[in-house]
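The structure appears right after this line, and notes come after that.
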Amino acid sequence: MPELPEVETIRATLSEHLVGRTILKVDVFYDKIVHGMTPAEFCARLAGQTVRSMGRYGKYLFFQFDAITLVSHLRMEGKYFLKPETEPREKHEHVIFTLVDHDTLRYHDTRKFGTMEIVPRGEERQAAGLRAMGPEPFDPGFDGKYLSGRAGKSRRAVKSWLLDQTVVSGLGNIYVNEVLFLSGLHPETRVCDLKKKDFARLAEASRAVLQKAVDLGGTTIRTYYSSLGVTGRFQNELNVHDRKGLPCPVCGTPVEKIQVGGRGSYYCPRCQRKKG
DNA sequence: AAGGGTGTTGAAAG
DNA sequence: GCTTTCAACACCCT
């Protein structure tokens with residue numbers, strides 16, 4: 001469940017349940033999840049550690065201990081569940097953290113794309129993938145001027161450009177589709193064809209969409225059940241994403257779907273005309 | 001019923 | 001360099 005609002009919802013929920021609790025042992029059932037060290041060392045480093053806080057940057061989730069941080073990326077389908085130790089391990093539970101009270105935190109990832117890495121606390125930005133991350137839409141300084149500066153003379157499609165986490169952190173396919181709708185921009189518009197006003201709209205729409213989604217607990221598209229009760233409500237607010245053929249909420253024109261950079265892109269052909 | 005698509009990202013190829 | 005494509009993997013729809 002990976003865009004910024006979903007990760008933030010997970011961070012907040014796990015924070016309520018995990019802060020102050022201590023890990024007894026960790027078992028890894030799919031080695032490639034663990035990066036930067038062997039699974040054996042990964043488990044050894046975490047045993048005995050007490051969760052002090054939960055953090056997040058972009059789509060990366062942080063479990064913060066006294067001197068180390070576990071950086072977790074959920075990629076396409078990673079989920080966390082809290083359940084009693086007595087429950088049998090499910091097929092796609094690849095990492096199980098057993099707490100000293102014999103509850104377990106389980107990392108479930110059908111497609112096995114997710115990653116985990118341990119870094120010194122305070123150096124989260126040194127984790128692989130986090131080094132080059134751009135600002136979040138909520139960061140001070142994220143505005144039309146910043147985006148305009150980053151754009152340079154790029155001829156990339158604005159849709160692909162906004163998915164680039166070095167430009168802006170936290171947007172994924174769902175929210176980029178929504179941001180472009182609110183900005184009135186066709187997903188294939190080239191970045192070099194955007195005007196000052198377009199960049200300002202993109203910055204504002206990015207903030208607005210992510211903030212509203214965070215407030216509503218994110219978006220739940222696929223069937224999702226959780227012992228933590230993590231079910232988003234933003235799916236009721238989607239204007240275009242996954243709404244091919246359904247009427248645009250503004251003008252009623254059927255929403256169209258095309259591929260841009262290999263990703264499904266939904267837009268209103270009337271409200272989002274291509275320029276340039 | 002095989003093939004395309006899926007809330008992602010980084011390596012490889014152009 | 002910069003940009004696009006594809007692979008990592010499993011499952012669900014046509």
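Computation of the quantities below employed the complete heavy-atom set of this structure, encompassing side-chain atoms and omitting hydrogens, waters and symmetry-equivalent molecules. Chain identifiers are assigned alphabetically (A, B, ...) following the order of the sequence lines, protein sequences preceding nucleic acid strands; residue numbering begins at 1 within each chain. Remember, predicted model here, so these are calculated numbers, not experimental data.
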### Task
Figure out the CZ/C1' separation between R131(A) and dT9(B), and round it to whole Å.
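The answer, rounded to whole Å, is 15 Å.
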Side chain of [X] - closest among [options]:
X	options	answer
K59(A)	dT9(B), dT3(C), dA10(C)	dT9(B)
K91(A)	dC11(C), dT6(B), dC9(C)	dC11(C)
T110(A)	dT8(B), dT6(B), dC11(C)	dC11(C)
H92(A)	dC9(C), dT8(B), dC11(C)	dC11(C)
R75(A)	dC11(C), dA8(C), dT6(B)	dA8(C)
K257(A)	dG5(B), dC11(C), dC9(C)	dG5(B)

### Message
Assess whether a salt bridge exists between E93(A) and K83(A), defined as any Lys/Arg side-chain N lying under 4.0 Å from an Asp/Glu carboxylate O.
### Response
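Between K83(A) and E93(A) there is a salt bridge, with a charged N closer than 4.0 Å to a carboxylate O.
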### Task
Before accepting this row, confirm whether a basic side-chain N of the pair R52(A)/D66(A) lies closer than 4.0 Å to the acidic partner's carboxylate O.
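Yes, this pair counts.
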### Task
May I ask you to decide if the ring planes of Y30(A) and H94(A) are parallel, tilted or perpendicular, using 30° and 60° as cut-offs?
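Rings of Y30(A) and H94(A): tilted, 30 to 60°.
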### Query
Just wondering, more than 12 heavy atoms not from R270(A) lying within 6.0 Å of its CZ?
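At most 12 heavy atoms, drawn from other residues, nucleotides or ligands, come within 6.0 Å of this atom.
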### Task
Go through residues 164-194 of chain A and report each residue with a non-hydrogen atom lying under 4.0 Å from DNA chain C, sorted by number.
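Residues of residues 164-194 of chain A that come under 4.0 Å of DNA chain C do not exist, since none gets that close.
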Per-pair distances, 0.1 Å, donor-acceptor, side chain in residues 163-174 of chain A, under 3.5 Å, sequence neighbours excluded:
from, atom 1, to, atom 2, distance (Å)
D164(A), OD1, T166(A), N, 2.9
D164(A), OD1, T166(A), OG1, 2.8
D164(A), OD2, R156(A), NH1, 3.1
D164(A), OD2, T166(A), OG1, 3.4
Q165(A), OE1, G170(A), N, 2.9
Q165(A), NE2, L163(A), O, 3.1
Q165(A), NE2, L171(A), O, 2.9
S169(A), OG, G134(A), O, 2.5
N173(A), OD1, K159(A), NZ, 2.8
N173(A), ND2, G264(A), O, 3.1

### P atoms of dG4(B) and dT5(C), separation to the nearest Å
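Their P atoms lie roughly 16 Å apart.
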### Message
Say we look at dC9(C) and dA11(B): how far apart would their P atoms be, to the nearest angstrom?
### Response
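16 Å, rounded to whole Å.
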#### Entry: DNA chain C stem ranges, 3 or more consecutive Watson-Crick or G-U pairs under 3.5 angstrom
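Detected stem regions: B:2-6 with C:10-14, B:8-14 with C:2-8.
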### Task
Provide the closest heavy-atom pair for I10(A) versus Y80(A) in the form atom of the first, atom of the second, distance.
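Closest pair (atom of I10(A), atom of Y80(A), distance): CG2-CD1, 4.5 Å.
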